[in-house]
Amino acid sequence: MKKTLIEDIAQRLRIIPDLDREHSSSESVNLRKFPDPENWHDHVELDANEWPKRVERRYSLVPTTCFNCESACGMLAYVDKESGQVAKFEGNPHHPGSRGRNCAKGPATINQINDTERILYPLKRVGKRGEGGWERIYWDQALDEIAAKIRASLKTGAKDRVVYHVGRPGNEGYVERVLKAWGVDGHNSHTNICSAGARTGYSLWHKHDRPSPDHSNAKVILLTSSHLETGHYFNPHAQRILEGMMDGAKLIVIDPRLSNTAAMADHWLPTWPGSETALFLAWAKMILERGLYDREFVENWVNWEAWLEADYPDEPSTFERFIELLLEEYAEYTPEFAAAECRIPVEQVIEAGEAVAGAGSRLSTHVWRSAAIGNLGGWQVARTLHLLNVLTGSVGTEGGTSPNSWSKFSPELFDEPPAPDGWNELHFPPEYTLSHYEMSHILPHLVKDGRGTMDVYFTRVFNPVWTYPDGFSWIGMLEDEESVGCHVALTPTWNETAFFADYVLPMGHASERHDINSYATSAGKWVAFRQPVLREYARREGREVEFTREVNPGEVWEEDEFWNELSWRIDDGTMGIREHFMSPYREGERITVDEYYQYTFERVPGLPEAAAAEGLDALGYMRKHGAFLIEEATYSKHEQEGWPTPSGKQELYSPTMVEFGYPEHAIPHYRIRSHVHPDNLQGEDEYCLLPNFRLPQHIHSRSANAKWLVEIGHRNPIWIHPKDAAKLGVAEGDLLKIETEIGWFVDKVWVTEGIKPGVVGCSHHIGRWRRAQDQGNRFLSNEVSIEDVGDGRKRMRTVSGVGPWESDDPDTNRVWWRDGGVHQNITHAVQPDPISGAHCWLQKVRLSRPSADEKYGDIEVDTEKSFEYYKRWNQMAKQRETHPRGERRPLWMKRPLSPKKEHWFIPE
Ligand code: SF4
């Protein structure tokens with residue numbers, strides 16, 4: 001199509017993207033002025049701060065990757081050659097995922113590394129755990145003491161008492177390998193409060209548990225959440241969604257909240273939370289009725305015959321009959337039914353449904369967090385969303401939606417220790433037979449219930465006291481030395497969980513550590529290298545560095561070298577651990593971190609050849625460029641590989657669900673009403689609290705020390721629709737008391753039509769706190785008092801908000817905001833979905849005006865009530881516990897750090 005004059009001018013002014021461009025995940029746009037990598041060690045530019053004087057600064061540009069969300073966008077650290085320090089971060093245009101662009105959180109890495117309150121040295125607690133006393137120790141002491149505790153635990157033969165609990169992973173297989181070397185089933189993650197609901201829905205179809213939408217080439221982009229602004233994969237997806245839209249794609253956003261993404265959509269469908277499944281089934285029915293399904297794909301790649309055989313054995317096993325029976329099965333899912341469930345106009349259901357039905361093979365879809373992690377039965381949201389891809393034949397196509405594992409590179413490691421010889425029931429309790437990830441959100445309750453304890457518990461870039469629901473139960477567990485023998489917090493910044501540690505060990509930010517990254521942020525497959533930039537700068541300058549902590553601020557280290565060193569010290573020479581940490585290049589000697597990455601990069605397809613073309617080895621190439629494109633696009637892999645399910649097909653019909661005691665969910669249906677379905681609320685007095693949306697400029701709990709980000713966003717008011725505000729008699733800025741199942745909090749009101757009536761919203765991220773004895777994060781944390789008011793009841797009150805302070809950074813004295821928000825998560829009850837195991841984030845709440853003595857930021861929680869409430873939800877899983885053939889869970893499904901096969905069975 002010819003450009004208009006206005007488009008031409010807009011393009012020249014770069015107000016809009018280049019309409020003439022070819023789509024390519026590797027091509028960088030408008031890079032004529034970007035310095036060539038050949039010159040990255042000697043880049044000269046004028047110092048903007050000196051303007052109007054023309055003062056030149058010399059930089060070494062070192063590529064690394066951002067660590068502030070999962071996307072791992074490319075960044076270039078500008079190392080000032082005069083100071084030898086990083087001056088700023090910009091995007092790396094040669095990174096195939098991010099293509100030179102970052103969101104606000106990328107460049108704000110400079111705030112994190114220059115944070116005047118960061119943890120610079122290893123610390124050991126003084127006094128009781130949680131009291132706030134710390135002493136500085138040396139790495140040697142920390143390593144020796146922690147190694148001794150782990151050794152003692154391993155020598156008991158226990159396989160489940162040394163645990164590594166990760167928040168933001170950011171690497172590929174490194175720690176899993178270490179845990180296997182130790183022989184423990186000790187991997188725990190945050191996934192069950194994040195993506196586990198959606199993963200279950202996708203796994204049931206094809207084992208792959210995440211989607212990878214090809215937004216750039218789509219005709220219709222269907223988002224069940226708000227990815228463009230905040231979710232996975234924020235910046236890489238946002239730029240591709242916009243590319244798709246510039247090429248005419250229609251954007252449909254399903255979200256009860258008018259997110260930034262929804263605001264840009266062609267169709268915003270503010271569905272009632274949990275009703276999305278009904279909507280997708282209505283659209284599936286439209287596709288079937290109108291004959292718009294892709295017969296070739298469905299007939300050949302879906303196990304429809306298995307369904308007929310199981311449920312309709314007397315019917316002819318023909319494709320035509322299958323379609324008729326599926327239509328009968330889905331007869332109830334009319335547009336009117338969906339509209340009533342979703343509480344949106346039926347015209348909207350039909351209009352958006354027609355766009356979806358007409359997308360053909362170019363339907364890119366995504367669900368992350370949001371509905372799939374919000375609702376009881378949320379996993380069905382992902383399962384029915386994928387049904388739309390299956391019916392339109394847009395699975396694995398250009399412009400469609402592929403399994404993420406097709407675009408994700410899995411590194412080959414230099415050594416693979418054997419699988420753990422045990423099963424950790426604190427992570428995978430037997431009643432959660434289909435839980436896709438560790439039941440980490442109920443860990444304190446399982447411990448309280450007498451199901452196990454831990455000798456050594458590592459929390460790594462993980463802050464459950466603040467991020468998780470029911471944080472007071474986490475504090476209770478962490479304070480109890482019988483439950484947790486030793487708590488080691490590995491963290492780049494202070495957090496509420498580290499306050500309750502025995503050791504706080506400072507780990508590097510993005511530019512201070514090594515990691516391999518590869519994520520399905522586009523249709524291609526890439527690998528990237530997060531590297532400690534001052535170490536690479538030292539190498540370029542000809543200086544030898546043995547350990548990364550030698551170049552990082554203070555004694556900040558990185559986990560890779562820490563795990564190697566710790567593992568070596570655990571083994572007293574009798575435990576067989578050291579043999580897994582030997583160099584693959586130097587017989588009989590310990591591996592170095594450089595050798596680890598050298599080994600892996602040498603085995604990346606195509607990388608050694610690309611490196612050789614520049615006269616480099618594979619590691620040298622990655623040090624120089626920071627990223628490598630392995631495959632331009634990864635479409636249609638099923639045509640060679642098939643699908644890794646028991647049937648080898650897409651499983652519309654799941655024999656697994658039948659065998660594990662859920663026959664009513666054999667095929668996708670809307671048979672579970674969310675716990676926040678209007679029928680489950682007490683009339684109009686109860687509301688649904690939507691607490692699981694992000695602010696685009698914040699990280700869960702690692703941005704409270706990033707001054708630029710905090711200045712942009714530092715409050716989390718309650719979003720409330722004007723109709724509800726009028727009903728409750730509240731206006732903008734008034735206080736509301738929000739009562740959950742286990743407590744309450746007091747927050748300010750934001751009256752907005754951007755939220756559905758009957759639903760109130762409160763963003764994640766904000767409401768950080770510290771007590772008088774704690775340190776760190778003063779840009780965003782309130783000082784609070786915590787009081788035990790008896791019978792398991794805890795009360796938190798704000799003592800003071802945010803304010804300026806004197807430091808080496810003049811900006812700390814310029815802090816103008818005073819409001820640090822309210823910590824809502826701590827008042828949330830845990831709600832483990834009995835099938836997926838995922839936490840159901842949405843909360844039933846009652847709203848009222850607070851009494852005179854209840855102030856903004858006040859919080860109260862009854863931990864006895866929270867334990868009883870957990871038991872009610874746990875009972876739902878226990879009632880249906882079924883183990884066909886003695887299997888703890890389906891043998892074909894994924895599990896992080898899988899133990900030996902014999903442990904997948906319940907012991908006789
Ligand atoms: S989307 Fe933003 S926070 Fe995430 S990796 Fe990219 S730049 Fe960093």
Side-chain angles (χ1 to χ4, degrees), residues 150-166 169 171-189 191-192 196 199-200 203 207-209 405 410-440 443 446 451-458 563-564 566-567 570-572 574-582 584 644-646 656 659-660 837 881-908:
I150 295 173
R151 187 187 313 120
S153 177
L154 298 183
K155 289 220 165 182
T156 66
K159 307 292 181 194
D160 55 358
R161 293 169 63 88
V162 176
V163 168
Y164 162 82
H165 204 151
V166 62
N171 58 29
E172 295 300 319
Y174 199 103
V175 182
E176 287 83 344
R177 203 197 72 83
V178 171
L179 294 170
K180 285 203 276 186
W182 298 355
V184 294
D185 185 17
H187 183 276
N188 207 340
S189 69
T191 310
N192 255 335
R199 287 179 192 263
T200 299
S203 289
K207 185 171 178 177
H208 305 289
D209 61 0
S405 31
S410 292
E412 190 180 327
L413 306 178
F414 74 100
D415 168 87
E416 281 283 4
D421 195 11
W423 184 280
N424 192 330
E425 291 206 353
L426 270 184
H427 297 174
F428 288 97
E431 66 269 33
Y432 292 97
T433 50
L434 294 160
S435 166
H436 214 62
Y437 269 77
E438 304 93 345
M439 296 299 295
S440 65
L443 182 65
L446 293 169
R451 299 231 213 159
T453 58
M454 290 167 279
D455 293 333
V456 181
Y457 180 54
F458 289 95
W563 293 124
N564 284 359
L566 183 65
S567 301
I570 291 169
D571 192 348
D572 56 9
T574 67
M575 301 168 77
I577 295 174
R578 289 184 181 177
E579 68 193 54
H580 298 298
F581 293 86
M582 305 305 287
T645 52
T656 302
E659 286 184 345
F660 278 80
E881 187 178 340
T882 307
H883 299 280
R885 300 169 294 278
E887 293 169 18
R888 289 180 185 271
R889 61 201 304 276
L891 301 181
W892 65 274
M893 278 195 172
K894 290 186 192 172
R895 209 213 93 161
L897 190 66
S898 177
K900 287 184 176 159
K901 219 51 187 183
E902 62 259 36
H903 299 294
W904 283 64
F905 296 87
I906 299 271
E908 304 236 322

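Residues: numbered from 1 along the sequence shown.
- Between K900 and E902 there is no salt bridge, since no side-chain N of the basic residue sits under 4.0 Å from a carboxylate O of the acidic one.
- With sequence neighbours excluded, the residues that form a side-chain contact (heavy atoms from CB on, under 4.5 Å) with T574 are K155, D572.
- Defined by atom type and a distance below 3.5 Å, a donor-acceptor pair is missing between the side-chain atoms of S567 and H580.
- Taking every heavy atom of both residues into account, A419 and S898 meet most closely at CB-O, 3.4 Å.
- The line from OH of Y164 to CG of L179 is 8.0 Å long, rounded to the nearest 0.5 Å.
- Distance check: D415 CG to M582 CE gives 10.5 Å after rounding to the nearest 0.5 Å.
- Just one residue in the list R888, R451, R889 forms a salt bridge (Lys or Arg N to Asp or Glu O under 4.0 Å) with E431, and that residue is R451.
- In terms of heavy atoms, G422 sits closest to P899 at O-CB, 3.1 Å.
- Applying the salt bridge (charged side-chain N to carboxylate O under 4.0 Å, His left out) criterion to E881, with sequence neighbours excluded, gives no partner residue.
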- Task: Take V184 and I150 through the side chain to side chain contact (heavy atoms under 4.5 Å, CB included) test and state the conclusion after the steps.
- Result: CA-CA 11 Å; V184 294; I150 295 173; over 6 Å; no
- Just do the side chain to side chain contact (heavy atoms under 4.5 Å, CB included) check on V166 and H187 with the steps written out, would you? CA-CA 8 Å; V166 62; H187 183 276; 4.1 Å; yes
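- When every heavy atom of G452 is checked against every heavy atom of L426, the shortest pair comes out as C-CD1, 3.9 Å.
- Looking at heavy atoms from C-beta onward, R177 lies in side-chain contact with P417 at the 4.5 angstrom threshold.
- Residue N564 holds its CG atom at 3.5 Å from OH of Y174, rounded to the nearest 0.5 Å.
- Y432 and G837 make their closest contact through CD2-CA, 4.3 Å (heavy atoms, listed as atom of the first residue, atom of the second, distance).
- Nearest heavy atom pair, residue F581 against residue W563, reads CE2-O, 4.4 Å.
- Residues E172 and S410 fail the side-chain proximity criterion, which asks for heavy atoms closer than 4.5 Å.
- By the salt bridge (charged side-chain N to carboxylate O under 4.0 Å, His left out) test, K894 pairs with D209, sequence neighbours left out.
- At a threshold of 4.5 Å between non-hydrogen side-chain atoms, the residues D185 and R895 count as touching.
- With rounding to the nearest 0.5 Å, the separation of CZ in R578 from CD1 in I570 is 10.5 Å.
- Note that CE of M575 is 4.5 Å distant from CG of L154, once rounded to the nearest 0.5 Å.
- To the nearest 0.5 Å, atom OG of residue S435 and atom CZ of residue R199 are 11.5 Å apart.
- Annotation: side chain of F428 is in contact with side chain of E438 (closest heavy-atom distance under 4.5 Å).
- Residue H427 is tested with N188, N192, L897, D160 for a side chain to side chain contact (heavy atoms under 4.5 Å, CB included); the sole match is N188.
- For K159 and D421, the salt-bridge test fails: no basic side-chain N is under 4.0 Å from an acidic carboxylate O.
- In this structure, the side chain of H165 does not engage the main chain of F458 through any donor-acceptor pair within 3.5 Å.
- At a threshold of 4.5 Å between non-hydrogen side-chain atoms, the residues E887 and F905 count as touching.
- A search for salt bridge (charged side-chain N to carboxylate O under 4.0 Å, His left out) contacts involving R161 returns D455, not counting sequence neighbours.
- Taking the salt bridge (charged side-chain N to carboxylate O under 4.0 Å, His left out) definition, one finds that E176 meets it with nothing, sequence neighbours left out.
- By the side-chain contact (heavy atoms from CB on, under 4.5 Å) test, P890 pairs with L434, T656, F660, W892, M893, sequence neighbours left out.
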